[in-house]
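Residue numbers begin at 1 in each chain, while the letters A, B, ... track the order of the sequences.
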Amino acid sequence: MLALETQDLTKIFRSGKVTALDGVSLAVDTGHIFGLLGPNGAGKTTLIKILLGILYPTSGSARILEHPLNNIQVKEKIGYLPENHRYPEFLKGGQVLDYFARLSGVSMQDIQKRKPALLEMVNLLEWQNTKIKKYSKGMLQRLGMAQAMMNDPDILFLDEPTDGVDPIGRRAIRDVLRRLQSEGKTIFINSHLLSEVEMICDQVAILDKGRLVSSGTVEELTSPSKKYRFQTVGIPDDVVAKLKPFALKIEHYNNSLEATCANFYSVNDIIDCLRANNVVIKSIVPHKRTLEESFIEILKKDVIN
Amino acid sequence: MSVLLKTWALVRHTVRESLARKTFIAFFTISTIVLIFMILALNIEAVEAGMAMVQVMGQDINKSDGFDIQKIIMDIEAVIAVVMFSGGIFLSIFATASLVPNMLEKGYIELLVSKPLTRTQIILGRYLGAVAIMGLNVIYLIGGTWLILSIKTGVWYQPYLYSIPMIIVTFAIVHALMVLVGVTTRSTGVTIMVAYTLLFLSPFLQQKDKIYALLSSKVYYYLLESLYQILPKTFELGEMNHALVVGRPIDSWVPLWTSCVVGVVLLSSATLIFSRKDF
Ligand SMILES: Nc1ncnc2c1ncn2[C@@H]1O[C@H](COP(=O)(O)OP(=O)(O)O)[C@@H](O)[C@H]1O
Ligand SMILES: [Mg+2]
């Protein structure tokens with residue numbers, strides 16, 4: 001089942017004539033943690049805002065939990081952590097949760113039940129009766145997470161959730177998200193922090209200048225690497241010269257070399273050649289690209305096209 | 001049902017925000033001081049003055065006592081009603097002008113409109129919240145003074161209470177304009193300026209017939225006439241309030257219902273504009 005589906009979603013801001021989204025079509029399966037990646041200004045926030053009815057699309061359509069965008073009722077099953085959220089400062093932490101939960105149509109009994117659990121989870125239980133004026137940025141972000149979950153949503157939209165959160169807080173957030181996923185919830189994360197996304201997301205899409213330039217699993221985006229690192233006990237320069245025909249590109253260091261190969265037949269050719277010249281191989285490691293490297297590569301290609 | 005609960009949450013929040021902003025607390029405090037003053041002053045001055053007057057004049061106590069006290073009470077109540085009409089609305093404009101611009105602040109409005117509420121509900125919740133807290137104040141002061149005066153003197157003069165709906169309705173109409181200005185400009189300052197301009201303009205527009213003689217061109221006539229028609233007639237509502245309280249007959253109810261219609265149109269326009277806005 002699809003938790004979310006967009007078709008040719010386009011948003012042109014009249015003021016400034018910015019095309020923030022340019023025909024974006026994507027689908028997110030139920031029960032996945034989906035990461036939308038892209039540099040600042042790519043249109044990630046714009047996409048979430050359209051899905052939540054905060055912005056109106058210039059053209060295109062979308063469905064959330066199988067309902068069209070103008071459906072109000074379905075929003076009771078949606079949680080949202082905005083990018084730069086700001087709560088009325090006269091409220092206390094607990095009151096923020098009460099207020100937004102009530103607006104989401106959560107009953108008083110459910111509020112009483114969920115509030116302590118969520119406050120505990122984001123580590124703010126002792127702070128619930130303190131005015132949020134006194135909260136730090138990280139605390140507000142954690143409160144925002146709890147706020148987004150007060151209505152026990154089926155789909156959760158998080159716009160840059162780890163902004164301003166320290167590493168321990170980040171880890172806590174990841175744990176929470178994994179638990180939600182195990183409960184069958186769908187999570188949609190916007191982020192420009194790739195390592196974060198890599199750690200948690202199982203589906204990703206890359207947005208650049210309003211266009212979807214790539215999508216798939218994290219593995220699909222990171223695996224097609226053809227680089228191998230050969231760890232050896234010294235390689236004479238003349239042997240390196242002999243390897244040239246087998247590789248697309250060779251970089252030679254003291255006790256290792258990095259070869260970019262067209263396929264694994266050439267990897268074996270290199271092994272044969274090294275052994276034939278009595279070079280002792282200690283290890284051969286296929287070089288795994290990080291999401292960040294793939295990301296930069298994909299964006300570069302996008303610029304060239 | 002759930003729609004009502006959500007709107008109620010918005011109204012409550014608005015009332016709470018107004019209380020937190022302390023402007024209305026100040027208002028309540030002033031009202032309370034007035035009430036306390038009345039409780040104290042009434043024993044020593046008003047009632048005794050009435051009795052003294054009766055005694056000095058040496059008339060039949062039973063007959064004149066009731067008559068004079070009634071007159072004094074009516075006068076006092078008329079003064080409060082008139083002061084509350086202009087002063088109360090004047091202060092309330094100041095106290096509520098920031099409600100809509102505050103709601104539209106970045107980081108908050110996005111979350112608010114993402115909730116399962118229609119945009120109409122959001123505006124209505126805000127609007128009703130502002131009118132509710134203003135109304136509570138008016139009921140507290142007018143109702144309180146009425147009770148004190150009545151209990152102390154035994155004169156239960158009901159027309160004074162007509163000023164409660166008159167003041168609330170007038171503020172509700174002015175506030176509709178404020179919501180419209182707030183939604184379009186997101187500015188507290190502009191909202192205050194426009195609302196006060198309306199209050200100051202209203203007496204002149206009411207005198208339009210006298211001004212026509214001075215006009216050089218028909219164009220200005222039409223301009224004045226249409227301004228008079230499309231703006232809430234706050235000055236006339238004030239006069240109506242006075243007339244009701246002193247028991248004078250009302251010549252025409254037209255200014256009241258036309259102003260109400262204008263208020264509805266203003267609030268609907270605000271809702272429409274808000275509904276189409278990107279945040
Ligand atoms: N309200 C707006 N009016 C005009 N342009 C906007 C507005 N909001 C966003 N933009 C522009 O749209 C583009 C995408 O912005 P955004 O969705 O916030 O990107 P991201 O979240 O990926 O950083 C940017 O160029 C931004 O300047
Ligand atoms: Mg963003």
Side-chain angles (χ1 to χ4, degrees), chain A residues 11-15 20 45-46 48-58 64 67 69-92 95-96 98-108 111 131 133 140 144 147-148 150-151 153 157 159, chain B residues 1-25 95 98-126 128-130 133 184 186 271-279:
Chain A
K11 177 69 187 178
I12 300 166
F13 285 108
R14 253 169 283 159
S15 55
T45 299
T46 302
I48 285 194
K49 282 186 174 181
I50 288 176
L51 294 174
L52 294 173
I54 302 163
L55 290 174
Y56 296 110
T58 308
I64 301 188
H67 289 280
L69 289 183
N70 56 13
N71 187 304
I72 293 286
Q73 215 57 38
V74 72
K75 289 181 173 181
E76 292 191 355
K77 292 274 114 213
I78 296 177
Y80 174 41
L81 174 71
E83 188 170 20
N84 297 307
H85 50 110
R86 218 167 124 168
Y87 304 118
E89 289 204 327
F90 61 91
L91 292 179
K92 296 167 179 158
Q95 292 175 327
V96 169
D98 288 344
Y99 174 49
F100 287 107
R102 271 201 210 102
L103 294 184
S104 293
V106 183
S107 70
M108 278 312 290
I111 291 178
K131 289 235 166 96
K133 240 189 296 197
L140 283 173
Q147 177 278 125
M150 275 297 283
N151 59 334
F157 289 91
D159 202 347
Chain B
M1 190 58 206
S2 117
V3 169
L4 282 181
L5 281 178
K6 290 178 204 164
T7 312
W8 172 236
L10 284 168
V11 173
R12 250 184 61 146
H13 177 79
T14 306
V15 170
R16 190 187 260 171
E17 182 173 336
S18 301
L19 292 178
R21 190 122 349 94
K22 302 204 175 75
T23 31
F24 270 109
I25 299 276
S98 64
L99 284 175
V100 170
N102 275 353
M103 180 182 83
L104 297 178
E105 264 187 34
K106 288 227 159 299
Y108 174 63
I109 187 66
E110 289 93 333
L111 192 54
L112 194 58
V113 299
S114 80
K115 294 292 168 193
L117 303 155
T118 61
R119 300 233 180 149
T120 307
Q121 259 176 295
I122 294 175
I123 285 286
L124 273 186
R126 204 67 171 160
L128 291 176
I133 187 147
T184 41
R186 293 184 177 213
T271 307
L272 202 67
I273 292 171
F274 180 67
S275 298
R276 296 185 172 177
K277 251 189 150 83
D278 277 344
F279 292 105

Nearest heavy-atom neighbours spanning [X] and [Y]:
{"X": "A/I54", "Y": "B/R119", "answer": "O-NH2, 3.3 Å"}
{"X": "B/L111", "Y": "A/Y87", "answer": "CD2-CE2, 3.3 Å"}
{"X": "A/Y99", "Y": "B/L112", "answer": "OH-CD1, 3.9 Å"}
{"X": "A/Y80", "Y": "B/S114", "answer": "CD2-OG, 3.4 Å"}

Just to verify, which of B/K115, B/R12, B/K6 counts as forming a side-chain contact (heavy atoms from CB on, under 4.5 Å) with A/R102?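 Running side-chain contact (heavy atoms from CB on, under 4.5 Å) over B/K115, B/R12, B/K6 with A/R102 returns exactly one hit, B/R12.
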
Any A/F90 side-chain heavy atom under 4.5 Å of B/L19 side chain: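 The answer is no, as the side chains (C-beta and beyond) never meet within the 4.5 Å cut-off.
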
Non-hydrogen side-chain atoms of A/L91 and B/H13 separated by less than 4.5 Å: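 A side-chain contact under 4.5 Å exists here.
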
Can you tell me which of A/E89, A/E83, A/H85 forms the most heavy-atom pairs within a distance under 4.5 Å of chain B?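 Option with the greatest count: A/H85.
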
If you measure from OG1 on A/T46 to CG on B/D278, what distance do you get to the nearest 0.5 Å?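 Separation between the atoms: 9.5 Å.
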
Any chance you could measure B/L5, atom CG, to A/L103, atom CG, to the nearest 0.5 Å?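 The CG atom of B/L5 sits 11.0 Å away from the CG atom of A/L103.
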
Below 4.5 Å from any heavy atom of chain B, which atoms of A/K11 appear? Answer side chain, backbone, both or neither.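 Side chain only.
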
Part of A/Q95 lying under 4.5 Å from any heavy atom of chain B: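 For A/Q95, side-chain heavy atoms alone lie under 4.5 Å from chain B.
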
When you measure from the side chain of A/K75 to the backbone of B/V113, do you find a donor-acceptor pair of N or O atoms at a distance under 3.5 Å?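 Yes: the side chain of A/K75 pairs with the backbone of B/V113.
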
Checking B/I109 against chain A: side chain, backbone, both or neither under 4.5 Å from a heavy atom?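 Contact with chain A involves no heavy atom of B/I109 at all.
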
What residue, out of B/R21, B/R276, B/R16, B/Q121, has the most heavy-atom pairs lying under 4.5 Å from chain A?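 Of B/R21, B/R276, B/R16, B/Q121, B/R16 has the most heavy-atom pairs under 4.5 Å with chain A.
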
Indicate the ring-plane relationship of B/Y108 and A/F100, choosing parallel, tilted or perpendicular according to the 30° and 60° boundaries.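 Because their plane-to-plane angle is over 60°, the rings of B/Y108 and A/F100 count as perpendicular.
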
